[in-house]
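Below: the structure, in structure tokens.
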Amino acid sequence: MRVHRSFAFIDLSGFTALTELEGDERAVAILSAFRSMVRDICSRRGVRIAKWLGDGAMLVGVETTPLVEASLEMQVAARRSKQPIAVRCGLTADNVILHEGDDYIGHAVNVAARLCDIAPGGEVLAGPNIVEHLPRWGAVLSEGEMTIRGLEAPLWVARLGLATLEGPVFLDPICAIPLT
């Protein structure tokens with residue numbers, strides 16, 4: 001069955017090096033903090049964790065804006081974390097096949113995964129149909145075409161972040177996102 005969904009792949013940047021340098025126990029502590037953060041944010045934003053992928057996850061949204069909000073909020077939460085977490089993220093939305101009731105197959109899923117793979121730690125990369133769903137507090141920090149492994153043609157990609165604020169700034173009491 002074809003359905004329209006939004007996808008985010010998120011990943012702990014530098015996790016392999018972390019296991020080498022600080023050991024498995026330390027890596028598990030950081031992974032536990034990361035998973036707790038993801039569960040909290042996704043539950044508040046109405047985003048489904050489709051599957052855990054080791055030190056990452058595949059997130060799915062019926063609506064695109066909550067998924068974008070969750071992805072941006074994760075960047076804020078990771079920077080504020082007591083654990084040294086750097087989260088990278090790739091976002092897309094499009095029609096895909098809902099396979100066997102709980103998995104998604106399609107180009108949009110593959111592109112979101114590839115964007116996550118190439119995103120530096122602490123960054124969110126989004127495909128072309130995501131920007132129109134940015135929350136008021138989100139912004140396009142840069143944009144342009146990128147060559148992505150596995151795709152025939154370059155893809156228009158936006159790097160997303162928080163909007164620059166003017167005037168007095170207050171932290172949202174729930175998610176700590178800076179607001180005016």
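Hydrophobic clustering of Ile, Leu, Val, Met, Phe, Trp and Tyr side chains at less than 4.5 Å, counting indirect connections, unites W156 with I130. At a threshold of 4.5 Å between side-chain heavy atoms, the hydrophobic network of Ile, Leu, Val, Met, Phe, Trp and Tyr places Y104 and L53 in one connected group. Following chains of ILVMFWY side-chain contacts shorter than 4.5 Å, one can reach L91 starting from L162, so the two form part of one hydrophobic cluster. The cluster map of Ile, Leu, Val, Met, Phe, Trp and Tyr, joined by side-chain heavy atoms under 4.5 Å apart, puts V131 and M146 in different clusters. A single hydrophobic cluster is not seen to contain both V124 and L155; linkage of ILVMFWY side chains at heavy-atom distances under 4.5 Å, directly or through other members, places them apart.
Between the side chain of S43 and the backbone N or O of R39 there is at least one donor-acceptor pair closer than 3.5 Å. No donor-acceptor pair closer than 3.5 Å links the side chain of E73 to the backbone N or O of I41. Using a distance-only test at 3.5 Å, with no hydrogens or angles considered, no donor-acceptor pair links the side chain of S6 to the main chain of L67. S36 places no side-chain N or O within 3.5 Å of a backbone atom of S32 that could act as its donor or acceptor partner.
Here the side chains of C175 and R44 are in contact, with some heavy-atom distance below 4.5 Å. A 4.5 Å side-chain heavy-atom check between V38 and W52 finds at least one atom pair inside the cut-off. Proximity of I97 to M1: side-chain heavy atoms (C-beta onward) are nowhere separated by under 4.5 Å. Taking 4.5 Å as the limit, every side-chain heavy atom of V3 sits out of range of all side-chain heavy atoms of N95. Put simply, the side chain of P135 reaches to within 4.5 Å of the side chain of V68, judged on heavy atoms. R79 places a side-chain heavy atom less than 4.5 Å from the side chain of V76. Counting heavy atoms from C-beta outward, I10 and F34 have side chains that approach closer than 4.5 Å. Residues V96 and F7 meet the side-chain proximity criterion, which asks for heavy atoms closer than 4.5 Å.
Atom CG of L59 is separated from atom CE of M74 by 5.0 Å, given to the nearest 0.5 angstrom. The CG atom of D55 lies 4.5 Å from the CG atom of D11; values are rounded to the nearest 0.5 Å. Taking OG1 of T65 as the reference point, atom CG of L134 lies at 8.5 Å (rounded to 0.5 Å). The CD atom of E63 lies 8.5 Å from the NE2 atom of H4; values are rounded to the nearest 0.5 Å. W137 contributes atom CH2, which lies 11.0 Å from atom CG of L165 (distance to the nearest 0.5 angstrom). Rounding to the nearest 0.5 Å gives a distance of 8.5 Å between CD of E100 and CD1 of I105.
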(request) Output, in order, the C-alpha distance, side-chain angles, deciding distance and verdict of side chain to side chain contact (heavy atoms under 4.5 Å, CB included) for H107 and T92. (result) CA-CA 9 Å; H107 184 67; T92 59; over 6 Å; no
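Across L151, I148, V109, a single residue satisfies side chain to side chain contact (heavy atoms under 4.5 Å, CB included) together with R114, and that is I148.
Here R159 does not pair with E143 in a salt bridge; the nearest charged N to carboxylate O distance is not below 4.0 Å. Residues D103 and K51 are paired through a salt bridge, judged by an N-O separation under 4.0 Å between the basic side chain and the carboxylate. Looking at R88 and E123, no side-chain N of the basic residue comes within less than 4.0 Å of a carboxylate O on the acidic one, giving no salt bridge.
Nearest heavy-atom pair, A78 versus V87, reported as atom, atom and distance to 0.1 Å: CB-CG2, 3.9 Å. L160 and A126 get closest at one heavy-atom pair: CD1-CB, 3.7 Å. Heavy atoms only, all atoms of each residue included: R5 and V60 are closest at CD-CG1, 3.9 Å.
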